[in-house]
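Reading through the structure tokens given below for one structure.
Every heavy atom of this structure was used, including side-chain atoms; hydrogens, water molecules and symmetry mates were not. Quick caveat: nothing in here was measured; it's all calculated off a predicted structure.
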Amino acid sequence: MPSAALPLQFILTGLLALAGGVGWLVAEPKLLTEYHYNPRIIALTHLIVLGWLCSAVMGAMYQLVPVALETELYSKRLARWQFVFHFAGFAGMVWAFRVWNMKQVGQFGSLMAVGVGLFVFNIARTLLRAPKRNVIATAIASALGWFSVTVLAGLSIAVGKCAYESLDQTAPVSAVGGVLGGLQAVGGFMSHCNILSAMHAHAHLGVIGLFTMLIVGVSYKLVPMFTLSEVQSARRAMASVLLLNVGLVGAVISILLGSPWKFLFAIVIIVGLGVYGWEIAAIVRARKRAALDWGVKGFLSAVGLLAPLSLLAAVLAWPGLPSNVFTGQLENLYGFLGLFGFVTLAILGMLHKIIPFLVWLNTYSWRVGRIQVPALADLYSARLQGASYWLWLSGLAAAGAGILFQHEPAVRLGAVALGASLTLSAANLVRVLSHLVHPVLKPFPTRAK
Amino acid sequence: MKVMTDPVLTEAAVLEVLRQVIDPELGCNIVDLGLVYSVAISGQNVRVEMTLTTPGCPMQQSIASGVQNAVLGMEAVADAEVEIVFDPPWHPGMMTEAGRAMTGVF
């Protein structure tokens, strides 16, 4: 019997972190109405990015990558160890950011990096087993590469803010001395970079390189599967992945150097996202299944949010943009819509499909043909899913307006709507998970034996 | 398509039993979905050739073992073999009217 425990432990950890993050926003809406370079907002961002998004993505990938590539996961044991490093790493990092202790950010970040290394190795070995080299494998391989670069960039920023006074007390020829010397060299290099530019480059590496790339790649398998359709143009799909990769290389370098070329590379990324949206629209138009369920609707709404996000990105990348309070709020809106809008909505949409599937696989898979088992749609309430979807969109709209106009009550109202949406999702989740304990089984109406 | 040696064990009887196996994503049995390509009967052995709505379907193992369980549950069956093929690929034209009504597929 296949086990749902491994992906579920990552996903449930992620959902708890998301609930924590939304609760934090309800308590402190001011976080989004002031400039984002402060310990609390950086701690909150890492709670969302590492605690929620990375956990959910890792859990989903352990389940989905083998499915998407028609192969087996390389090692479940490595994945279980990775969870330990991941959990300790991200929880410690959030706390260290909150108290603004960059040395401990680096230490917990290193723990997290070990976990990321195990994850990348495990998924990369799984990719090598895959019988096909296609756009999905290319996107996943790209995302793994960007994930590694993102973590190294984050650690470099932390190192750049630390002083390694212990270096003088360690023999330079020893292994420890060598590592510390290397860290000091990285710190020296990073100290020449603008810290805000480095932070923005790091954020784009993670959000576009890891999350967007994964969403793009995996959706080329899942959207056709859930809508009974197929990829309409393999060349168009591959072009979207290549444009994202090329655009991101240029964007990260130009952001880091403060170069006006970042506008051009932003446009390359936007064109890549446009090509992606074009292909997804073509897939959905060619579908054989008339009705779209809430999971797919949520995912497609996330893809739709790429349009306002692209517009914001183009404005923010414009070389002549004045640096003032309103620009800062536009940056906050961009980050909020990117994380809570596009990436979160896309992942929540997919989780509406993935969690019932995991529970069904664990509870009912081995009983098929022996006794009457429920369909996936029988495991959850579609009405609760619909209400949760609309509350999430309302929350995004209210908080988004509050961020733009620095209106704390609107941000709080939006966060409350996001929390209400999560509460309904949690009620649905309990309903789904209850099948693990209390399977709903009925005898067949008639049996041949 | 089939060799019938046992008057009790017929293609129709096997297909009827296979209606107890559902594709959980679509909420419809595999016969009305048009996933069953052929049923071959040889003595007490049954061989089912079938497909899935998409290659790499995560339900492949569940559905295949479900078909085997269902067929082995028939009184006259001693052995059941299931082969998943993707040629010809499945398309909605293979569904029955009942299947279309159940799934909303057009």
Side-chain angles (χ1 to χ4, degrees), chain A residues 1-2 63-72 130-132 134 136 221-231 287-293 295 353-354 356-379 442-449, chain B residues 8-10 12-30 33-34 46 48 52-77 80 82 86 89-95 99-106:
Chain A
M1 179 175 67
Q63 181 66 34
L64 289 180
V65 169
V67 168
L69 300 174
E70 298 167 38
T71 185
E72 295 277 319
K132 295 176 189 168
N134 54 18
I136 302 167
K221 178 73 181 181
L222 295 188
V223 174
M225 188 185 285
F226 294 142
T227 59
L228 290 184
S229 184
E230 53 195 324
V231 168
R287 76 188 188 277
K288 305 294 187 296
R289 204 173 180 185
L292 298 176
D293 54 40
K353 310 288 293 183
I354 293 169
F357 165 71
L358 287 172
V359 170
W360 188 94
L361 206 60
N362 203 69
T363 309
Y364 298 112
S365 170
W366 56 281
R367 292 177 159 126
V368 178
R370 300 176 201 266
I371 198 159
Q372 196 169 329
V373 299
L376 290 181
D378 298 327
L379 269 57
K442 292 178 193 163
F444 290 120
T446 54
R447 286 293 278 148
K449 191 172 183 174
Chain B
V8 178
L9 193 57
T10 63
V14 174
L15 287 175
E16 193 53 38
V17 163
L18 291 183
R19 283 181 201 277
Q20 296 169 342
V21 180
I22 61 163
D23 178 326
E25 167 63 20
L26 294 171
C28 178
N29 70 74
I30 60 171
L33 276 176
V46 175
V48 177
L52 299 165
T53 53
T54 177
C57 172
M59 300 294 183
Q60 174 164 339
Q61 200 184 343
S62 312
I63 294 175
S65 60
V67 167
Q68 198 162 32
N69 292 338
V71 175
L72 283 174
M74 295 177 76
E75 203 169 333
V77 174
V82 182
F86 292 100
W90 176 87
H91 59 84
M94 295 173 173
M95 294 174 71
R100 281 180 217 282
M102 272 187 266
T103 57
V105 170
F106 47 81

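Rounded to the nearest 0.5 Å, atoms CD (B:Gln20) and CZ (A:Arg370) are 13.0 Å apart. In this structure, CG on A:Leu361 lies 6.5 Å from CE on B:Met59, to the nearest 0.5 angstrom.
Contact of B:Thr103 with chain A is made through the backbone alone, with heavy-atom distances under 4.5 Å. A:Pro374 touches chain B through its backbone: at least one of N, CA, C or O sits under 4.5 Å from a heavy atom, while the side chain does not.
When the side-chain contact (heavy atoms from CB on, under 4.5 Å) test is applied to A:Glu230, the partners found at least two apart in sequence or on another chain are A:Gln232. For B:Thr53, there are no side chain to side chain donor-acceptor pair (under 3.5 Å) partners two or more places apart in sequence or in a different chain.
Across all non-hydrogen atoms, the minimal contact from A:Lys288 to B:Pro92 is CG-CG, 3.3 Å.
Side-chain contact between A:Arg289 and B:Glu25 is present, with at least one heavy-atom pair separated by less than 4.5 Å. Contact check for A:Leu228 versus B:Leu26: side-chain heavy atoms found under the 4.5 Å cut-off.
With hydrogens and angles ignored, the 3.5 Å screen pairs no side-chain donor or acceptor of B:Asn69 with any backbone N or O of A:Arg367.
Exactly one residue among B:Pro24, B:Ser62, B:Pro58 makes a side-chain contact (heavy atoms from CB on, under 4.5 Å) with A:Ser365. That residue is B:Ser62.
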